[in-house]
Amino acid sequence: MRLAIYTGIILAGGFTCLTPALAADPTGDWRVADGVANIRVAQCNGSMWGAVAWEKQPGGRDENNPDVSKKNRPTLGMPTLIDMKKKSSVDQWEGQVYNAKDGQIYSATITPVGTDQLEIKGCVLGFLCGGETWTRVGPPIPASPANATSKGTPKSTGAAPKAGATTGATAAAPGTAKSAGAAKPGQKSAADPVGDICLLPEIAGFTH
């Protein structure tokens, strides 16, 4: 099922305009298997979150969610990485991942590998663990402006975008990492209808 890919599989391609200093930054847009979706990862009030930022086939619904009230929610903008905290002394974040294939939430970790890959590992009750890899299609992004004044919010680990840049990749053809246009960070546009994922109701409601 198409929704299954939102938890990630091994991918090809990458985003090469990065420096080694950004190798440990998991923020940005990441392409999942078959080029059918991007997951945007951002720091929201001190935790890493991920949400579906682009779909090759628009209009997907979270139909496998056991919560009847969520079965009709759009998969675009749907949280996939949940409240992931930085582990001490290692470039790894741990929290939860939502698997749209079965509508369940699992314990998970994310680990940047070089500048253009992100390893996702999830486990069921501490065993039956599986690993997958996403490939970068958008540059690292700074901490959400919505959380910039929150007490205790750490500074972004990535470089701030150049003037006029947006917070992630757009619905461009697979393998691209073009800007969404003139929209300011956090704003939505026709090319980037998701914008700052920290402002999505499901994430904002959790982090504040």
Side-chain angles (χ1 to χ4, degrees), residues 6-32 37-54 79-97 108-122 131-150 152-170 172 175-180 184-186 192 194-200 203-204 206-207:
Y6 293 153
T7 55
I9 304 176
I10 296 177
L11 311 176
F15 187 85
T16 59
C17 299
L18 303 173
T19 65
L22 302 180
D25 192 339
T27 67
D29 280 27
W30 303 87
R31 180 67 44 84
V32 301
N38 291 349
I39 304 299
R40 180 165 299 160
V41 180
Q43 180 179 265
C44 302
N45 203 22
S47 297
M48 290 296 171
W49 287 75
V52 180
W54 171 83
T80 55
L81 301 180
I82 302 170
D83 194 30
M84 309 201 85
K85 304 291 188 181
K86 177 81 163 55
K87 297 178 69 174
S88 61
S89 304
V90 63
D91 290 325
Q92 187 175 81
W93 286 255
E94 59 182 350
Q96 296 178 311
V97 60
T109 62
I110 56 173
T111 308
V113 179
T115 58
D116 63 355
Q117 291 188 322
L118 186 67
E119 288 187 350
I120 295 89
K121 294 184 179 180
E132 301 163 342
T133 304
W134 296 345
T135 297
R136 184 182 291 283
V137 293
I141 57 179
S144 169
N147 293 305
T149 58
S150 296
T153 301
K155 295 181 180 180
S156 169
T157 56
K162 295 180 179 179
T166 59
T167 56
T170 70
T176 64
K178 295 181 179 180
S179 165
K184 296 180 180 179
D192 182 11
V194 173
D196 185 344
I197 66 168
C198 297
L199 299 178
L200 295 172
I203 296 178
F206 189 100
T207 57

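In this chain, numbering begins with 1 at the start of the sequence shown.
- Note: Gln43 CD to Thr27 OG1 = 8.0 Å, rounded to the nearest 0.5 Å.
- To the nearest 0.5 Å, atom SG of residue Cys44 and atom CG of residue Asp196 are 6.5 Å apart.
- Contacts of Lys86 classified as salt bridge (Lys or Arg N to Asp or Glu O under 4.0 Å), with partners at least two apart in sequence or in another chain: Asp91.
- A heavy-atom distance below 4.5 Å is not found between the side chains of Glu132 and Val97.
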Take Ile39 and Asp29 through the side chain to side chain contact (heavy atoms under 4.5 Å, CB included) test and state the conclusion after the steps.
CA-CA 6 Å; Ile39 304 299; Asp29 280 27; over 6 Å; no

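- Summarising the geometry of Pro26 relative to Leu118, their closest heavy-atom pair is CB-CD1, 3.8 Å, with the distance given to 0.1 Å.
- Taking every heavy atom of both residues into account, Cys198 and Ala42 meet most closely at SG-CB, 4.3 Å.
- A donor-acceptor pair is defined here as one N or O able to donate and one able to accept, closer than 3.5 Å; such a pair exists between the side chain of Arg40 and the backbone of Gly195.
- Counting all heavy atoms, side chain and backbone alike, Ser47 lies closest to Lys85 at OG-NZ, 2.7 Å.
- Side-chain N/O atoms of Thr111 and Gln92 include a donor and acceptor closer than 3.5 Å.
- Among the candidates Asp83, Leu81, Leu200, the single residue satisfying the side-chain contact (heavy atoms from CB on, under 4.5 Å) test with Trp49 is Asp83.
- The nearest pair of heavy atoms linking Arg136 to Asp25 is NH2-O, 2.8 Å.
- Residues passing the side-chain hydrogen bond (donor to acceptor under 3.5 Å, both in side chains) test with Thr109, sequence neighbours excluded: none.
- Here Lys87 pairs with nothing under the salt bridge (Lys or Arg N to Asp or Glu O under 4.0 Å) rule; sequence neighbours left out.
- Side chains of Thr133 and Val113 form no contact here, defined as non-hydrogen atoms less than 4.5 Å apart.
- Rounding to the nearest 0.5 Å gives a distance of 8.5 Å between CD1 of Ile120 and OG1 of Thr80.
- In this structure, CD1 on Ile110 lies 7.5 Å from CH2 on Trp134, to the nearest 0.5 angstrom.
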